[in-house]
K.L.:
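Dropping a structure here in structure tokens format, bear with me for questions.
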Amino acid sequence: MTQDLSAADFSHNDFEYIPDPFPFFEKMRAEKPAYQSERIFGGAWLFFSYADCLALMKDERLSNARAAVPLWFLPQAHRHEFADMISVYERWLAFHDGKQHTRSRRQANRSYMPFSDELLEPRIQRIVDGLLDKVDPRGFDLMAEFAFPLPAMVIADVLGVPTEAHAELTRWTDDIAHLFGSTHVTVEHLKRTQVSTRELTEFLMSPQCLAQSERDQGLLYHLRKAEVYGYRFSDEDVVAQAALLLFAGVASIRYLIGNSVHALEQRPKQERQLLLNPATVGDAVEELLRYCTPVQFVGRVAREDFSYTTACGEQVRIGAGRPMILYVGSANRDGEQFDRPDELVLTRPAPNRHLTFGAGRHLCFGDPLVRQTTRIALATLYRRMPDLQSNPQSLNWNNNLGFHGFTALEVAAESRVGTGRAVV
């Protein structure tokens, strides 16, 4: 049982924790909401309560410059072998601090301005409908046939690059997601991710992608052309921000769809109507983001030595350069913040103050697209398939807790006698 596992054994790649980490999170909130783990990055501080996660997300003593943290297990002499890969990640605005982050975020926001919900709605709807037109309603793999291709196709369309490349985009970004979602990676995976990062950047910089994005007025084109206060992104910066959007969006949207369908099956079927009503769908999606979040943590690095007093009054000493992991998956189930925290309440009133997209100045750059794509995907799925249900099966989970979700989920769109619920 997960709740019997110890904090000393915990890691993001241990399959004893992955299927249901929430009893472990509850135990840590009650017994050790701040815990230093020697197993994770040689002494990372782990925080589990909502109050601590929120406070530390806004704490200026912490830095987001953590592009190289996954390499910390390597001897210093070998880290330079991956310098080209790390240099791409270091350009991500998500890993910037202070004025550099403000400038990069302002530039990215200006570039994204043309992509309103009204503009994207029919484009996302067309992709969703196209994928669902191809499935067999008598039985299909929701993940492989819908949730996997959808986000890569949507983001490719927004960027203005070929949507036909969705399989390659998914493979490349999955390697990057595994790197940043894990606490233990192999040298072999680092090498594979290095190749994937190189292939992704070469694809985004290819003449075909640049020409198509300019022709279609895609985000890749706007990132290249936008100028704010005399500043423009370099070509390397443009590709890095496009890669960041793919990394942040592809796995998140995919697993959120799968997690949501699985969670909704445990609820009365009439609650699905809340996703079809424009007056209620917003609150319902926010609750799914709280309860079903695929992103289980936000990372930081301590800028300096300092003492931190937790919400429960414990004082901990944080060393400069120490990685810090803030578990939003735990914070989102904290009973000190949420009523009925372990229950999916689709009518939970706004504002739903989940931490799925972070807090403070480092809110996720891709959050509007995640919300909109998930809303359209789930509403269309249940409008077209009101009796959707999962088949009896052993659930296949992604291999790291950082991006929590299924790799396969067999479903059927028709009610059938004798069909049971999925086995957890």
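What you are looking at is a predicted structure, and each value in this text was computed from that prediction instead of being measured.
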K.L.:
Using distance only, find each side-chain donor-acceptor pair of residues 153-173 under 3.5 Å and give its atom names and separation, not counting sequence neighbours.
P.N.:
{"residue": "Asp157", "atom": "OD2", "partner": "Arg123", "partner atom": "NE", "Å": "2.8"}
{"residue": "Asp157", "atom": "OD2", "partner": "Arg123", "partner atom": "NH2", "Å": "3.2"}
{"residue": "Thr170", "atom": "OG1", "partner": "His166", "partner atom": "O", "Å": "2.9"}
{"residue": "Trp172", "atom": "NE1", "partner": "Glu199", "partner atom": "OE1", "Å": "2.8"}
{"residue": "Thr173", "atom": "OG1", "partner": "Leu169", "partner atom": "O", "Å": "2.7"}
{"residue": "Thr173", "atom": "OG1", "partner": "Thr170", "partner atom": "O", "Å": "3.3"}

K.L.:
I need the full list of ring-ring contact (aromatic ring centres under 6.0 Å, His included) pairs touching residues 373-394, with sequence neighbours left out, sorted by first then second residue.
P.N.:
none

K.L.:
Does this structure show an ion pair linking Arg267 with Glu343, if we count only N-O contacts that are shorter than 4.0 Å?
P.N.:
yes

K.L.:
I'd like to know if the side chain of Arg254 reaches the main chain of Pro151, judged simply by a donor and an acceptor atom lying under 3.5 Å from each other, with no hydrogens or angles considered.
P.N.:
no

K.L.:
Val135: what forms a side-chain contact (heavy atoms from CB on, under 4.5 Å) with it, not counting sequence neighbours?
P.N.:
Phe140, Glu145, Met385

K.L.:
Hey, what do you get for CG (Asn398) to NE2 (His178), rounding to the nearest 0.5 Å?
P.N.:
8.5 Å

K.L.:
For His96, which residues count as a ring pair (Phe, Tyr, Trp, His ring centres under 6.0 Å) partner, sequence neighbours excluded?
P.N.:
none

K.L.:
Hey, what's the ring geometry for Phe48 with Tyr327, parallel, tilted or perpendicular (30° and 60° as the breaks)?
P.N.:
parallel

K.L.:
Give the intermediate values and the outcome of side chain to side chain contact (heavy atoms under 4.5 Å, CB included) for residues Ile176 and Leu200.
P.N.:
CA-CA 10 Å; Ile176 300 172; Leu200 174 59; 4.1 Å; yes

K.L.:
So does Phe15 have more than 12 non-hydrogen atoms from other groups sitting under 6.0 Å from CZ?
P.N.:
yes

K.L.:
Do Thr380 and Gln125 have a side chain donor and acceptor closer than 3.5 Å?
P.N.:
yes

K.L.:
Please step through side chain to side chain contact (heavy atoms under 4.5 Å, CB included) for the pair Thr373 and Leu120, ending with a clear verdict.
P.N.:
CA-CA 9 Å; Thr373 304; Leu120 294 180; over 6 Å; no

K.L.:
Measure across Ala302 and Leu62 and return the closest heavy-atom pair with its distance rounded to 0.1 Å.
P.N.:
CA-CD2, 4.0 Å

K.L.:
Checking the side chain of Arg66 only, and the main-chain atoms of Phe95 only, is there a donor and an acceptor separated by less than 3.5 Å?
P.N.:
no

K.L.:
First locate atom CG of Leu346, then atom CG of Leu288, and finally report the distance between them rounded to the nearest 0.5 Å.
P.N.:
5.5 Å

K.L.:
Taking the basic N atoms (NZ, or NE/NH1/NH2) and the acidic carboxylate oxygens, is any pair closer than 4.0 Å for Arg232 and Asp237?
P.N.:
no

K.L.:
Under the side chain to side chain donor-acceptor pair (under 3.5 Å) rule, collect the residues that match up with Arg79, sequence neighbours excluded.
P.N.:
Gln76

K.L.:
Working to the nearest 0.5 Å, report the span between CZ of Arg39 and OG of Ser37.
P.N.:
8.0 Å

K.L.:
Before accepting this row, confirm whether a basic side-chain N of the pair Asp59/Arg300 lies closer than 4.0 Å to the acidic partner's carboxylate O.
P.N.:
no

K.L.:
Show your reasoning for whether salt bridge (charged side-chain N to carboxylate O under 4.0 Å, His left out) applies to Arg272 and Asp387.
P.N.:
CA-CA 10 Å; Arg272 300 176 183 185; Asp387 293 321; 6.0 Å; no

K.L.:
Would the distance check show the side chain of Asp84 and the main-chain N or O of Arg198 forming a donor-acceptor pair, the cut-off being under 3.5 Å?
P.N.:
no

K.L.:
Please confirm whether the backbone N or O of Glu81 pairs with a side-chain atom of Gln194, one donor and one acceptor, at under 3.5 Å?
P.N.:
yes

K.L.:
Relative to each other, are the rings of Phe406 and Trp397 parallel, tilted or perpendicular (30° and 60° limits)?
P.N.:
tilted

K.L.:
Would the distance check show the side chain of Asp216 and the main-chain N or O of Gly218 forming a donor-acceptor pair, the cut-off being under 3.5 Å?
P.N.:
no

K.L.:
Test side chain to side chain contact (heavy atoms under 4.5 Å, CB included) on Leu378 and Thr374 and set out the steps.
P.N.:
CA-CA 6 Å; Leu378 292 175; Thr374 302; 3.8 Å; yes

K.L.:
What I want to check is whether the side chains of Tyr255 and Thr293 have a donor and an acceptor closer together than 3.5 Å.
P.N.:
no

K.L.:
Do Ser11 and Asp14 get their side chains close enough for a donor-acceptor pair, meaning under 3.5 Å?
P.N.:
no

K.L.:
Do Thr407 and Asn396 have a side chain donor and acceptor closer than 3.5 Å?
P.N.:
no

K.L.:
Over 60° means perpendicular and under 30° means parallel, so tell me whether Phe180 and Trp92 are parallel, tilted or perpendicular.
P.N.:
tilted

K.L.:
Start with the C-alpha distance between Val295 and Phe403, add both sets of side-chain angles, then the distance that settles side chain to side chain contact (heavy atoms under 4.5 Å, CB included), and finish with yes or no.
P.N.:
CA-CA 5 Å; Val295 178; Phe403 290 93; 4.1 Å; yes

K.L.:
Determine yes or no for a side-chain-to-main-chain donor-acceptor pair under 3.5 angstrom, with Asp174 supplying the side chain and Ala251 the backbone.
P.N.:
no

K.L.:
Please confirm whether the backbone N or O of Asn391 pairs with a side-chain atom of Gln393, one donor and one acceptor, at under 3.5 Å?
P.N.:
yes

K.L.:
Output all residues satisfying side-chain contact (heavy atoms from CB on, under 4.5 Å) with Val285, sequence neighbours left out; order by chain, then residue number.
P.N.:
Leu275, Val281, Leu289, Arg375

K.L.:
May I ask you to establish whether Arg290 and Phe338 are in a cation-pi arrangement, using a distance under 6.0 Å from NZ or CZ to the six-membered ring centre and at most 45° from the ring axis?
P.N.:
yes

K.L.:
Could you check if a side-chain atom of Met324 sits within less than 4.5 angstrom of a side-chain atom of Leu56, using non-hydrogen atoms only?
P.N.:
yes

K.L.:
If I take atom OG1 from residue Thr201 and atom CG from residue Asp235, how far apart are they, to the nearest 0.5 angstrom?
P.N.:
12.5 Å

K.L.:
Could you walk me through whether Ser49 and Asp334 satisfy the side chain to side chain donor-acceptor pair (under 3.5 Å) test, starting with their C-alpha distance in whole Å, then the side-chain angles of each, then the deciding distance to 0.1 Å, before giving a yes or no?
P.N.:
CA-CA 6 Å; Ser49 78; Asp334 191 337; 4.7 Å; no

K.L.:
Holding to salt bridge (Lys or Arg N to Asp or Glu O under 4.0 Å), I want the full list of residues that pass it with Asp283, two or more places apart in sequence or in another chain.
P.N.:
none

K.L.:
Not counting sequence neighbours, which residues clear side-chain contact (heavy atoms from CB on, under 4.5 Å) with Pro349? List them please.
P.N.:
none

K.L.:
Is a side-chain N or O of Ser196 found less than 3.5 angstrom from the main chain of Thr193, in a donor-acceptor match?
P.N.:
no

K.L.:
Between Gln372 and Asp117 (side chain of the first, backbone of the second, donor and acceptor by atom type, cut-off under 3.5 Å), is there such a pair?
P.N.:
yes

K.L.:
Could you tell me how the ring of His12 sits relative to the ring of Phe10: parallel (under 30°), tilted (30 to 60°) or perpendicular (over 60°)?
P.N.:
perpendicular

K.L.:
In chain order, what residues pass the salt bridge (Lys or Arg N to Asp or Glu O under 4.0 Å) check against Arg371, with sequence neighbours excluded?
P.N.:
Glu286, Asp367

K.L.:
Taking salt bridge (Lys or Arg N to Asp or Glu O under 4.0 Å) as the test, write out the residues that go with Arg29, two or more places apart.
P.N.:
none

K.L.:
Would you find a donor on one side and an acceptor on the other, under 3.5 Å apart, between the side chain of Asn64 and the backbone of Ala94?
P.N.:
yes

K.L.:
Listed by chain and number, what are the salt bridge (Lys or Arg N to Asp or Glu O under 4.0 Å) partners of Arg353, not counting sequence neighbours?
P.N.:
none

K.L.:
Taking only residues two or more places apart in sequence, or in another chain, which ones meet Glu236 in a side-chain contact (heavy atoms from CB on, under 4.5 Å)?
P.N.:
Arg91, Ser234

K.L.:
How long is the gap from OG on Ser330 to CZ on Phe24, to the nearest 0.5 Å?
P.N.:
9.0 Å

K.L.:
What distance separates Ser252 OG from Phe247 CZ, expressed to the nearest 0.5 Å?
P.N.:
7.5 Å

